[in-house]
Protein chains: 2
Amino acid sequence: MTTASTGEPRWLSDEEQSVWRAYLHATTLMEDHLDRQLQRDAGMPHIYYGLLVQLSQAPRRQKRMTELAKDAKITRSRLSHAVARLEKSGWVRREDCPSDKRGQNAVLTDDGFEMLRRSAPGHVDAVRQAMFDRLTPEQVRSLGEIMQVVAAGLQPEGTDADLPWLR
Amino acid sequence: MTTASTGEPRWLSDEEQSVWRAYLHATTLMEDHLDRQLQRDAGMPHIYYGLLVQLSQAPRRQKRMTELAKDAKITRSRLSHAVARLEKSGWVRREDCPSDKRGQNAVLTDDGFEMLRRSAPGHVDAVRQAMFDRLTPEQVRSLGEIMQVVAAGLQPEGTDADLPWLR
DNA sequence: GACCTTTTCTTGAAAGTTGAACTAGATAGA
DNA sequence: TCTATCTAGTTCAACTTTCAAGAAAAGGTC
């Protein structure tokens, strides 16, 4: 977007710097933590797990590749590789889309669903311990609002129409 | 730590689920955004940039490898690769540690410092636009507290001694 | 239909990450 | 000193991500 072209850059205040550092550290540690937890208990990185969760909640436990990529906020290329891997592990299979011969549906297999059922409690537990058990209800509410605002601002444009609260 | 072994798993409430989703989306989008911005303007991923920033703020613009890895929250292995890459780009060089023959210091070169000076304004700008310009002062303060708590909870143990507010 | 553009998904190579194995030097105890 | 153990950092192989390129089908427009 705009690069700092006009005038002096607006540096971060001391408080902003400290908040930014805390944000980076917390998110880095959280990502590492969940990656390790899921690699250990489900044999896959966090993002792959997220894909399976998305599928498990979709109508017939399936989704078009592009839609899945958009919902999971990753590129189609990355999704192709990821689904190939999950397919090899037996947790997802591909099906041709009947209405569009270019299309593929990623389908959660029964094995995939079962694996999810088994590892979900441990994962929820990890999330709780790392985040929700440490925050007051007030903080949880506040975090939700903040993350909504940030996500909305970074949303690939066009989606802004859905988000009147951007300001 | 503890796995969900005893009794029913404590699932997330509707609000918690929604907050968690927002958190994942916002942090994913933010990481992508900064990676792209820095790849474009500084020719390196966000984490590499962070390493250079750390060095720029250290006493003689240098740090022991292990210390740098700890401060940046990455493994020594990952740091080895990263520094090798940054060395090839000319922004860091390695020096033997005089007091410990096993040790290496990563030193920010003048070129590295100059590159940082040039790209800092654009980076701050990106961070501002994505986060601080969208939040109220109240929200910034709250986010800081929340991230501190979360980071403290995930800190590899032992560090807990520094953090009496954990509960 | 012929032509051009767009969308969908995949592929391949280069870059980055991970975890385990390994080397060399430091440390401590007998 | 001799030995065992620990620490610092690197390396390798397997895996994941990115970016650019490409094949195939869909959607106009004339």
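Labels below follow one simple rule: chain letters A, B, ... track the order of the sequence lines, proteins then strands, and each chain is numbered from 1. Keep in mind that this is a model prediction, so the values were computed, not measured.
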query: Does one hydrophobic cluster hold both A/Val83 and A/Phe113, with members joined at side-chain heavy-atom distances below 4.5 Å?
result: yes
- request: Indicate, yes or no, whether a donor-acceptor pair under 3.5 Å links the base of C/dG12 to the side chain of A/His81.
  value: yes
message: I need the CZ-C1' distance between B/Arg40 and D/dT18, as an integer number of Å.
response: 16 Å
message: Under the criterion ring-ring contact (aromatic ring centres under 6.0 Å, His included), I'd like the reasoning laid out for A/His123 against A/His46: C-alpha separation, chi angles, the key distance, then a yes or no.
response: CA-CA 10 Å; A/His123 182 58; A/His46 185 207; 5.6 Å; yes
task: Let me know the distance between CG of B/Leu51 and P of C/dG16, rounded to the nearest Å.
output: 12 Å
message: If we count only N and O atoms by modelled type, under 3.5 Å, do the side chains of A/Ser142 and B/Ser142 hold a donor and an acceptor together?
response: yes
query: What does A/Ile47 touch in the nucleic acid at a heavy-atom separation under 4.0 angstrom: a base, only the sugar-phosphate, or nothing?
result: sugar-phosphate
- request: Rounded off to whole Å, could you give me the CD-to-P distance for the B/Gln39 and D/dT18 pair?
  value: 10 Å
task: Would you classify A/Leu79 as touching base, sugar-phosphate or nothing, given that sugar-phosphate means primed atoms plus P, OP1 and OP2, and contacts are heavy atoms under 4.0 Å?
output: nothing
- prompt: To the nearest angstrom, how far is B/Glu87 atom CD from C/dG16 atom C1'?
  reply: 17 Å
message: Return a single string for nucleotides 20-26 of chain C, one symbol per nucleotide in 5' to 3' order, where B is base contact, S is sugar-phosphate-only contact and - is none, cutoff 4.0 angstrom on heavy atoms.
response: ----BBS
task: Verify the cluster assignment for B/Leu79 and B/Leu38: are they in a single hydrophobic cluster under the rule of side-chain heavy atoms below 4.5 Å apart?
output: yes
- request: Check the side chains of A/Arg76 and A/Ser80 for a donor-acceptor pair under 3.5 angstrom, ignoring hydrogens and angles.
  value: no
query: What integer distance in Å separates A/Leu38:CG from C/dT18:P?
result: 15 Å
message: Below the 4.0 Å mark, does D/dG9 have OP1 or OP2 next to a side-chain nitrogen or oxygen of B/Arg94?
response: no
- request: Ignoring backbone atoms, establish whether B/Arg78 has a side-chain N or O less than 4.0 Å from OP1 or OP2 of C/dT18.
  value: yes
message: I want to check a possible cation-pi pair here: A/Arg85 against A/Tyr48, using under 6.0 Å from ring centre and within 45° of the ring axis as the test.
response: no
field: Polar side-chain atom of B/Arg93 near backbone of B/Leu108 as donor-acceptor pair, under 3.5 Å
entry: no
- request: Go through residues 58-70 of chain B and report each residue with a non-hydrogen atom lying under 4.0 Å from DNA chain D, sorted by number.
  value: B/Arg64, B/Met65, B/Thr66
field: Length of the line joining B/Arg76:CZ and D/dT7:C1', which is rounded to integer Å
entry: 7 Å
query: Any salt bridge (charged side-chain N to carboxylate O under 4.0 Å, His left out) pairs touching residues 15-31 of chain A, not counting sequence neighbours?
result: A/Glu16-B/Arg128
message: Would B/Lys70 and B/Glu67 count as a salt bridge (charged side-chain N to carboxylate O under 4.0 Å, His left out) here? Give the steps.
response: CA-CA 5 Å; B/Lys70 191 155 59 59; B/Glu67 193 188 355; over 6 Å; no
message: Distance check needed: D/dC15 P versus A/Tyr48 OH, whole Å only.
response: 11 Å
